[in-house]
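Written below as structure tokens is the structure these notes are about.
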Amino acid sequence: MIIKDRQEPIELKLLRILYTRMELTEKEKFRYLNLQKGFEGEVAFDRTAESILERYIINDLLLEVNNSYVQIDSLIISQDVIHLLDIKNYEGDCYLEGDKLYSVTTNREYKNPIIQLKRSATLLRQLLQTLKLNFLVEPSVIFINPEFTLYQAPMDQPIILPTQVQSFISSFNNTPSKLNDHHKKLSQTLLSLHQTKNPYTNPPEYNFDQIQKGIYCNSCYSYLVFRNNSSYLCKNCGEQESIRAAILRNIDEFELLFPEKRITTQSIYEWCNTDISRKTIMRVLKEHYTMNSKAKGTFYK
Ligand SMILES: [Zn+2]
């Protein structure tokens, strides 16, 4: 049973929009592609984990313990044990040497996820102790990408390699697990401690003037979209989107990028910067948002 769903991180959404609408630095692009890849790996794991029965699954949990943050990709509560999972979408050939993880082809050093995971497990155990919840914590790093190979993988480390993921998942259903109120209380307590504000996000600086306005293709992100009756047609990939959907998508982006700005016919008209009339924008706003009228004019929420 999934207690908490995985959502696409706000920072990833934000970076995707900014990537399409302004020039990012190499570091920001790297961050964007990393987040994207990581999220894809987590979603791939979720698809495999769907078959797990008789367990509580909490995805994407952020806890604060002793002034430190613990970021948990997936937490699976069984009768006798809590599985703390870190999902990595690494690709290519890597090897472990001492505490360090290197790429075979580039020799680049990666952050060793096992060290981070062990630290998270320690903090989670401390938290459970404080809460007087007596559960065993078993951490594992899941390397989800089938294109990943780890040479010299030590057998005594909590590593699940791509070829082992399926049997790791099956092992849950092969082990009977009865959940009771105690487990329910544990899952509810952890959920109540979830932090919504992630301290690790560091989005690029941007302002309204420097950002490219206009409607781009929802599929290939090209700005080569043209009006075709009541839809937009992408000249690059052929994707079609109704004008209404395109406007709503652009309002969503506007809200996410500029939460402090008011949604008005004029602001969305400027933001869409295309051949849609103010009248059309106003109609869409009236249908999908609540109109507020104040002395300073009409805006929508
Ligand atoms: Zn396209």
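Just follow the structure's listing: the first ligand is 1, and inside any ligand the first atom is 1.
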inquiry  = Quick one, K261 with E255, criterion salt bridge (charged side-chain N to carboxylate O under 4.0 Å, His left out). Give me CA distance, side-chain angles, the key distance, then yes/no.
reply    = CA-CA 8 Å; K261 280 198 194 298; E255 266 190 293; over 6 Å; no
Which side-chain N or O atoms in residues 123-139 pair as donor and acceptor under 3.5 Å with protein atoms at least two apart or in another chain?
from : atom 1 : to   : atom 2 : distance (Å)
R125 : NH2    : V137 : O      : 3.0
Q126 : OE1    : N66  : ND2    : 2.5
T130 : OG1    : Q126 : O      : 2.7

message = I want to know whether Y102 and Y110 have ring centres closer than 6.0 Å.
response =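 No; Y110 has its ring centre 6.0 Å or more from that of Y102.
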ask   = F208 and F258: aromatic ring centres closer than 6.0 Å?
value =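 So the answer is yes for these two rings.
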ask   = Within 45° of the axis and under 6.0 Å from the centre of the six-membered ring of W271, does NZ or CZ of R21 qualify?
value =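 Yes, cation above the ring, under 6.0 Å and within 45°.
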task = Taking 2.8 Å as the upper limit, name the protein N, O or S atoms near the Zn ion (ligand 1).
result =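 Per the 2.8 Å query on the Zn ion (ligand 1), atoms found are C217 SG, C220 SG, C234 SG, C237 SG.
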task = Kindly assign one of parallel, tilted or perpendicular to the pair F143 and F148, based on the angle between their ring planes and the thresholds 30° and 60°.
result =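 It falls in the parallel class, under 30°.
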